[in-house]
Peer 1: 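Dumping the structure here so I can ask a few things about it.
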Amino acid sequence: MSEEKSLNFIEEIIETDLASGQCQSILTRFPPEPNGYLHIGHAKSICLNFGLAIKYGGKTNLRFDDTNPAKEETEYVDSIKEDVKWLGFNWSNEFYASDYFDQIYNFAVTLIKKGLAYVDDSTPDEIATLKGSPTEPGKNSPFRDRSMEENLSLFAAMKAGTYQDGEKVLRVKIDMAANNMHMRDPIIYRIKHAHHHRTGDQWCIYPMYDFAHGQSDSIENITHSICTLEFIPHRELYDWFIHTLEIFPSKQYEFARLNMTYTVMSKRKLLQLVTEGHVQSWDDPRMPTISGMRRRGYTPESIRNFCERIGIAKRENLIDVSLLEFCVREDLNLKATRVMAVLEPVKLVITNYPEGQTEELMCENGPDESYGHRKVQFSRELWIEQEDFMEEPAKKWFRLAPGALVRLKSAYIIQCNHFLKDAAGNISEIQATYIPESKSGSDTSEIKVKGTIHWVSAQHALQAEIRLYDRLFNAENPSQEEGDFKEYINPDSLQIIPKAFIEPSLLNAEIGNHFQYIRKGYFCLDKESTKEKLVFNRTVSLKDAWAKEVKK
RNA sequence: UGGGUUAUAGUGUAAUGGUAGCACUACAGAUUUUGAUUCUGUCCGUCUAGGUUCGAAUCCUAGUAACCCAACCA
């Protein structure tokens with residue numbers, strides 16, 4: 001029996017609408033402006049809009065809100081489509097606000113004819129001054145009472161290209177004393193002689209957000225137009241246009257956008273990180289962009305799951321990034337192939353293992369038998385992690401130390417007898433003897449050890465560059481700290497290990513594969529990797545109880 | 001100092017007048033050929049003050065706090 005899962009407030013509205021016959025089926029839309037790359041905050045909106053349609057048997061349109069040619073580019077359109085698809089969603093129609101420029105223009109003409117819109121020659125400063133303030137009512141523009149005929153011809157002239165940018169705007173006549181600033185004769189068309197990525201130079205006037213978004217919703221018969229909280233004050237205007245133009249009554253609902261600890265989420269700030277070189281690119285694995293997360297090794301499932309768990313509500317939130325990490329570990333635990341890699345190597349010599357001898361050992365590829373096995377070469381000289389040996393073992397230490405017994409994963413139990421140091425006093429070689437009858441799978445030694453460590457055979461190992469990522473910011477909420485958010489960038493967010501030793505099977509790794517380097521974390525092949533120079537990204541580390549123990 | 005929105009464990013999110021639940025985090029323990037996974041348990045909460053009611057997170061009154069709104073951006 002499945003448990004009754006509680007509904008979020010939007011699902012409640014939808015169920016009410018469906019039950020009352022307010023609508024037969026639902027139609028939502030995801031409406032990005034193609035002026036940047038999608039990030040995890042957009043993923044929340046995507047999962048909501050598409051998820052709702054899937055849950056209630058409706059449909060979702062992908063609509064580009066491309067009404068500002070100065071900022072928008074085809075590159076962004078392409079990346080957005082790729083990211084939505086990668087997340088696992090299919091839109092039923094791909095639309096553009098620019099598809100509707102003719103209709104929107106006609107809506108404006110309708111408003112003029114109704115005496116509800118006028119051409120204003122005021123400067124931006126004059127318009128701002130007359131607008132008043134939240135505590136002071138605004139004043140009417142001197143151009144507010146132009147005749148319908150004059151407005152019609154002026155607006156036609158605006159469209160025809162008679163005027164320069166900024167010379168005139170079209171405003172709607174509502175109420176200059178309204179409490180809601182958005183109702184004080186908002187501008188609905190401005191002149192912009194700019195090349196549009198889709199309509200080219202066909203237009204030199206473009207509708208503003210408030211006169212494009214709701215109209216597009218209505219043209220498409222969107223039933224539930226879901227946006228973020230900052231658009232609440234726009235809703236009154238949204239409804240006013242629909243009512244005044246007598247068009248399909250789409251309804252707007254608002255939810256709280258995603259904020260996450262140790263990251264920034266605004267497109268403006270993310271753009272700055274890229275253009276100022278704090279990160280390499282939009283898809284830098286440290287970026288909270290969908291493309292960055294994909295490159296880092298996140299899976300669509302883990303992101304969708306995260307979006308499911310954070311919930312939908314109207315209060316401001318700051319989600320702990322550890323929830324995201326939990327979600328990706330949970331998914332990768334089931335998907336990642338287990339392999340062995342040594343990031344910070346030290347030589348281990350098995351002194352009683354014959355020189356020149358090698359043997360193939362069977363290693364499990366995953367958490368249970370169903371994942372199968374692979375063969376891994378074992379030999380006298382191995383690489384192990386420096387951190388798995390302690391000259392003077394700490395309390396509760398159960399890895400390698402002088403005299404200590406430990407198991408080499410999938411191989412033998414060994415005992416450390418000796419170690420060498422270089423001139424600088426660093427441990428340069430560890431020597432041990434192995435117990436032949438302790439072989440993994442056929443262990444008759446009856447020896448129990450607490451520790452198991454990973455290794456790679458020195459003569460068989462491949463070298464690879466490994467990139468370890470940490471949080472991009474040191475502050476929990478960089479945007480809310482004093483000063484510029486960039487002051488809180490973590491200088492150690494990227495650590496490159498130029499020469500790690502990895503097991504040979506990794507030569508066949510492909511982009512999109514996920515690996516668990518046993519005891520080290522989840523990794524994936526980076527797009528910069530070549531057969532000559534392998535490059536891996538750490539998606540996320542494993543939980544590390546020992547590291548916590550050490551901190552105490 | 002106008003208008004709008006929101007207040008539930010450390011972080012999120014449920015409970016729709018009737019046992020404050022779930023997840024993450026933190027902590028403790030069991031299992032473990034990954035100090036992973038898995039399993040078990042613990043700590044911790046209704047913004048404040050009044051009121052209505054047999055009973056209030058929920059209803060009423062008065063406060064308080066946070067966020068949003070004065071782009072020819074979306």
Side-chain angles (χ1 to χ4, degrees), chain A residues 3 5-8 12 31-33 35 65-68 70-72 97 120 122-124 127-129 131-138 165-171 178-182 184 187-192 205-206 208-210 212-213 227-236 254 256 261 267-268 309-327 329-330 333-334 338 340 363-364 367-368 396-399 406-411 413 438 440-441 443 448-454 516-521 541-549:
Chain A
E3 294 268 311
K5 196 177 177 298
S6 56
L7 304 176
N8 65 49
E12 284 185 2
E33 182 188 13
N35 68 343
D65 235 339
D66 55 349
T67 56
N68 184 358
K71 290 183 166 183
E72 296 149 7
D120 196 328
S122 309
T123 65
I127 289 177
T129 305
K131 198 153 196 178
S133 75
T135 50
E136 298 269 331
D165 287 10
E167 255 188 82
K168 288 180 165 51
V169 291
L170 183 70
R171 303 178 71 180
N179 276 325
N180 184 345
M181 299 296 289
H182 294 273
R184 322 245 265 223
I187 294 167
I188 58 171
Y189 263 96
R190 78 288 212 184
I191 300 169
K192 248 182 215 273
I205 57 171
Y206 293 92
M208 297 286 289
Y209 166 84
D210 285 303
H213 197 103
C227 59
T228 46
L229 254 28
E230 64 272 26
F231 289 96
I232 289 175
H234 295 254
R235 189 175 60 224
E236 191 179 355
E254 312 86 8
T261 55
K267 273 193 204 170
R268 203 195 92 242
R309 286 174 193 251
I310 59 179
I312 298 296
K314 300 190 81 151
R315 70 186 88 104
E316 283 294 324
N317 59 79
L318 181 63
I319 307 284
D320 197 324
V321 71
S322 65
L323 179 61
L324 216 211
E325 291 174 349
F326 168 81
C327 291
R329 286 189 187 112
E330 181 185 47
N333 179 43
L334 299 174
R338 270 58 173 176
M340 293 199 283
C363 293
E364 328 72 84
D368 67 58
K396 298 189 193 172
W397 177 260
F398 34 90
R399 278 120 93 152
V406 90
R407 175 173 289 281
L408 294 174
K409 175 73 181 170
S410 302
I413 291 174
S438 68
S440 193
D443 185 349
K448 293 272 181 265
V449 291
K450 289 277 273 186
T452 299
I453 64 173
H454 61 279
Q516 184 195 100
Y517 291 2
I518 286 180
R519 302 206 306 134
K520 296 310 294 181
S541 64
L542 257 27
K543 274 172 70 176
D544 190 347
W546 172 247
K548 278 182 188 170
E549 187 67 33

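FYI, side chains are in, hydrogens and waters are out, and symmetry mates aren't considered; it's all heavy atoms of this structure. Naming convention: chains lettered A, B, ... in sequence-line order (proteins, then strands); numbering from 1 in each chain.
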Peer 1: Looking at A/E364 and A/K409, is any side-chain nitrogen of the basic one under 4.0 Å from a carboxylate oxygen of the acidic one?
Peer 2: yes

Peer 1: Using atom CE of A/M181 as one end and atom C1' of B/C73 as the other, report the distance to the nearest whole Å.
Peer 2: 17 Å

Peer 1: Parallel under 30°, tilted from 30 to 60°, perpendicular over 60°: which one fits the rings of A/W546 and A/W397?
Peer 2: perpendicular

Peer 1: Nearest to the side chain of A/T135, heavy atoms from C-beta on, is which of B/A23, B/U33, B/G2?
Peer 2: B/G2

Peer 1: Where the side chain of A/R338 is concerned, which of B/C68, B/C67, B/U34 is the nearest nucleotide?
Peer 2: B/U34

Peer 1: Of the nucleotides B/A36, B/U34, B/A70, which one has an atom closest to the side chain of A/P134?
Peer 2: B/A70

Peer 1: Does A/T67 make a side-chain N or O approach to OP1 or OP2 of B/A74 shorter than 4.0 Å?
Peer 2: yes

Peer 1: Counting only side-chain heavy atoms from C-beta out, which of B/U13, B/G2, B/U37 sits nearest to A/A313?
Peer 2: B/U13

Peer 1: Taking the side chain of A/I518 as heavy atoms from C-beta outward, which of B/U11, B/U13, B/U34 is closest to it?
Peer 2: B/U34

Peer 1: Using heavy-atom distances to pick each residue's nearest nucleotide on RNA chain B, tell me which of A/E33 and A/R235 is more 5'.
Peer 2: A/R235

Peer 1: Classify A/F231 by what it touches in the nucleic acid, base, sugar-phosphate, or nothing, heavy-atom distance under 4.0 Å.
Peer 2: base

Peer 1: When we call it a touch if two heavy atoms are under 4.0 Å apart, what does A/S322 touch: a base, just sugar-phosphate, or nothing?
Peer 2: sugar-phosphate

Peer 1: So A/I312, base contact, sugar-phosphate only, or nothing? Heavy-atom distance under 4.0 Å.
Peer 2: sugar-phosphate

Peer 1: What's A/D320 touching, base or sugar-phosphate or nothing? Going by heavy atoms closer than 4.0 Å.
Peer 2: sugar-phosphate

Peer 1: Calculate the interatomic distance between A/E364 atom CD and B/A36 atom C1'; express it in whole Å.
Peer 2: 13 Å

Peer 1: If you check the A/K409 side chain, which of B/C73, B/U11, B/U34 turns out closest?
Peer 2: B/U34

Peer 1: A/M208 side chain: which of B/U8, B/U34, B/A71 is closest?
Peer 2: B/A71

Peer 1: Using whole Å, what does the distance between atom C1' of nucleotide B/C22 and atom CG of A/L7 come to?
Peer 2: 15 Å

Peer 1: If you compare every side-chain N and O of A/K548 against the phosphate oxygens of B/C27 (OP1, OP2), does one of them come in below 4.0 Å?
Peer 2: yes

Peer 1: Within the 4.0 Å heavy-atom criterion, would you say A/L318 contacts the bases, only the backbone, or no part of the nucleic acid?
Peer 2: sugar-phosphate

Peer 1: OP1 or OP2 of B/C69 versus the side-chain N and O atoms of A/R184: is any pair under 4.0 Å?
Peer 2: no

Peer 1: Nearest whole angstrom, please: distance from the P of B/A36 to the NZ of A/K450.
Peer 2: 11 Å

Peer 1: Within less than 4.0 Å of OP1 or OP2 of B/A36, is there a side-chain N or O belonging to A/R519?
Peer 2: no

Peer 1: Of all the nucleotides listed (B/C69, B/G35, B/C24), which has the minimum atom distance to the side chain of A/K396?
Peer 2: B/G35

Peer 1: Nearest to the side chain of A/I232, which nucleotide is it out of B/U34, B/A70, B/G4?
Peer 2: B/G4

Peer 1: For RNA chain B, whose closest nucleotide is more 5', that of A/D165 or that of A/T452?
Peer 2: A/T452

Peer 1: Have a look at A/I413 and tell me which of A/V406, A/L408, A/V449 forms a side chain to side chain contact (heavy atoms under 4.5 Å, CB included) with it.
Peer 2: A/V449

Peer 1: Please report the distance, rounded to the nearest Å, between NZ in A/K131 and C1' in B/G2.
Peer 2: 15 Å

Peer 1: Once the angle between the rings of A/Y209 and A/F231 is folded into 0 to 90°, is it parallel (under 30°), tilted (30 to 60°) or perpendicular (over 60°)?
Peer 2: tilted

Peer 1: Ignoring backbone atoms, establish whether A/R329 has a side-chain N or O less than 4.0 Å from OP1 or OP2 of B/U37.
Peer 2: no

Peer 1: Does the side chain of A/K448 get closer than 4.0 angstrom to OP1 or OP2 of B/U32 through an N or O atom?
Peer 2: no

Peer 1: Measure the CD1-NZ distance between A/I187 and A/K131 for me, rounded to the nearest 0.5 Å.
Peer 2: 6.5 Å

Peer 1: Should A/K71 and A/E33 count as an ion pair when the cut-off is N to O under 4.0 Å?
Peer 2: no

Peer 1: Within the structure, does a side-chain N or O atom of A/R268 lie under 4.0 Å from either OP1 or OP2 of B/C73?
Peer 2: no

Peer 1: From C-beta outward on A/R190, which listed nucleotide comes closest to its side chain: B/U13, B/U25, B/C72?
Peer 2: B/C72

